[in-house]
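Presented below is the structure to which this report refers.
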2 protein chains.
Amino acid sequence: MFSIEQLQAFVATVEAGSFSAAARSLSKAQSVISQHIINLEIDCNATLFERTGRYPQLTDAGKQLLPQAKAVLNQHQRLTNSALALNEKTPTEITIALDEGIPFKTIASIISKLQSKYPYVSLEFLSASSHDIIDMLNSEKPITGIIFSELNIPSYLDYECIGSVKFDLYVAKSHPLAGIRCENMDGLRLHRQLLLRSRNTQTSSFQLKISPEIWYADNYFVLLELAIQGNGWCLLPNHVAVDAVQSGELVKLPLEFEEMGWLANVDVLQHQQHSNQEVFKVLRNLLRNFLKI
Amino acid sequence: MFSIEQLQAFVATVEAGSFSAAARSLSKAQSVISQHIINLEIDCNATLFERTGRYPQLTDAGKQLLPQAKAVLNQHQRLTNSALALNEKTPTEITIALDEGIPFKTIASIISKLQSKYPYVSLEFLSASSHDIIDMLNSEKPITGIIFSELNIPSYLDYECIGSVKFDLYVAKSHPLAGIRCENMDGLRLHRQLLLRSRNTQTSSFQLKISPEIWYADNYFVLLELAIQGNGWCLLPNHVAVDAVQSGELVKLPLEFEEMGWLANVDVLQHQQHSNQEVFKVLRNLLRNFLKI
DNA sequence: AGCTAGTATCGGCAAAAGCGATATGTTTAG
DNA sequence: CTAAACATATCGCTTTTGCCGATACTAGCT
């Protein structure tokens, strides 16, 4: 019978690259990992690692088994989180961490419905970048995160998509780009781009460096201000730009080329340990059914 | 850390109704189960069973944990099956077990494509009732089952829906029902119904007893013959009835009332131990993409 | 009251998990 | 080519865990 320890040793070896490294990552002796893998191989009647070179290489059999092993460990982790949840009381305070690029206004209407159902809980709102929010969610506090979809969400988080936010390109009315129609991306490369730094990773298909000259800011409202003052063009959520557009300070860039589907999906995230709490189920249900971001 | 043994003890207790019964079902001593449950409760810091009465009752905490525990065991089972699969060679013979109500003609065209890709494998076809097919799938032989969707498919089987079969009500042209339009079910109750016995369980929404007088048969072609000879009305897959309708022996019952969506979903089933074999992936892919049942 | 079917606990055994030490193999840098 | 650095396998040993059987106790039924 495959034990959890064996599977952990197996997966850790693949992830760490060697038995020794796996032992370190699991805080066990190297001989323990070695023995686990050998036993696993005996149980499977198959070699899982090629041990010729310095680092063990997964065999085909190992590659076949790996996703199954990971699935068991994931499920096991989920069980552990559920067990922790058994000892929790309904929280007295709910914290919602919101990516800065997501309009708070639409969230607020949902919250009032939640409040009427759970009048005793107090609410707290935080703004942060999507990455920082993911980090926050690993704390003791039961935080609900609302962020732009990121590719790599840790396995201990539950998430679901609840909508999307439309982005467009904006420049100041006085900016040279404002008058002309760009037929392709190249037109943008001739002018300075204003870009969000905190989410400037490979995970987001947004926030791409297009122009060779870039100014960075770490939040959308600074970008907005920079754009208004004519410092460059900028990809902004429409709700951030709408006021400046109405007042005539900013214009949406008229584009000929495809808009690349500049719709950013919005996810609600929660630690598995808290996600089954009644109040959070209700919250997510409200977000899912009544929110049109 | 939750061990597989603890979880098995927990789930077995819920399913068997008592620690002792669980011990018997797992072929272990009763004290072992008792100890596992106690340890599980210590790990969770929560009572999982109410032990006041004769039989232990799941507490709320237990109810919360149960689905997670089952999920881990399911995943573990799947891993075990995958491990078994590592030692299998590509089969030299493929057996496809088909529910009698599913048209073979459409399957045959798929099979020829498979044959061209794997010319060396020999093929075998079996007809049986959906229930019998499910039993067959638990054998050593890697059998592919194609059956009407049933509610309770054992957890060791992989399945997916690949289409549906249309059913209609048929009677002989000479039958009294043939002339009149039934406005509701009651009209049917006045005449003998011809019904399939082998699938006459609670699992299928088809094969309902409607008339008080019923004749049974264990396959569709006997039912067809009985219907042709004017012995009653009958719910048949259209492809079974089509010839008799064309020759004028049988007519489709004109119904006023809703057709209850008499579309039976068709699933392809396979034991997890074999489902990852290349040849079966190809087979299922053919069924999924090219089959219009 | 007595029977039956259940649970908890104890002592003991065997298997398994873990550790550290050591022998040995593979790279890489000097 | 050699030595240093890093890797794996194996051995003996201790600790923990899984399991058993025996026993005491409890709930429910007749």
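By convention in this document, chain letters (A, B, ...) are assigned in the order of the sequence lines, proteins followed by strands, and residues within each chain are numbered from 1. Note that the coordinates shown come from a computational prediction; the quantities given were computed from them, not determined experimentally. Values below: all heavy atoms of this structure, side chains included; hydrogens, waters and symmetry mates excluded.
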Expected rows: protein N/O vs nucleotides 14-21 of chain D N/O, under 3.5 Å:
residue : atom : partner : partner atom : Å
D:dC19  : OP1  : B:Lys28 : NZ           : 2.7
D:dC19  : OP2  : B:His36 : NE2          : 2.8
D:dC20  : OP2  : B:Ala29 : N            : 2.5
D:dG21  : O6   : B:Ser31 : OG           : 3.0

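- The two residues A:Pro56 and A:Thr13 have their closest heavy-atom pair at CG-CG2, 4.4 Å.
- Distances shown here put a side-chain N or O of A:Ser20 below 4.0 Å from the OP1 or OP2 atom of D:dT8.
- Between A:Tyr55 atom OH and D:dT8 atom P there is a gap of 9 Å when expressed in whole angstrom units.
- Within the 4.0 angstrom heavy-atom criterion, only backbone atoms of the sugar-phosphate kind lie near B:Ser18; the bases stay farther away.
- Between B:Phe49 and B:Val14, the closest heavy-atom pair is CZ-CG2, 3.9 Å.
- Donor-acceptor pairing under 3.5 Å is lacking for the side chains of B:Gln272 and B:Gln77.
- What separates CD of A:Glu50 from C1' of C:dG25 is a distance of 15 Å, to the nearest Å.
- Distances shorter than 4.0 Å separate some side-chain N or O of A:Arg51 from OP1 or OP2 on D:dA9.
- Here the shortest heavy-atom pairing between B:Met136 and B:Ile143 reads O-CD1, 4.0 Å.
- Computed from coordinates, the A:Leu40 CG to D:dT8 P distance equals 16 Å when rounded to whole Å.
- When only modelled atom types and interatomic distance are considered, B:Thr59 and B:Glu50 share no side-chain donor-acceptor pair under 3.5 Å.
- Rounded to a whole Å, the CZ atom of A:Phe2 is 13 Å from the P atom of C:dA17.
- Phosphate contact (OP1/OP2 of C:dA8, side-chain N/O of B:Ser34, threshold under 4.0 Å): present.
- In this entry the distance linking CD of A:Gln57 with P of D:dT8 reads 11 Å, nearest Å.
- Listed here is the closest heavy atom pair of B:His76 and A:Phe2: NE2-O, 2.8 Å.
- For B:Ala21 and B:Gln35, each mapped to the nucleotide of DNA chain C holding its nearest heavy atom, the one lying further toward the 5' end belongs to B:Ala21.
- Ring centers of A:Phe10 and A:His36: at least 6.0 Å apart, outside the cut-off.
- Nucleic acid contact for A:Arg54: base, since at least one base atom lies under 4.0 Å from a heavy atom of the residue.
- Relative to the side chain of B:Arg24, the nucleotides C:dG6, C:dT7, D:dT8 differ in distance, and C:dG6 lies closest.
- What separates CD1 of A:Ile38 from C1' of D:dC11 is a distance of 12 Å, to the nearest Å.
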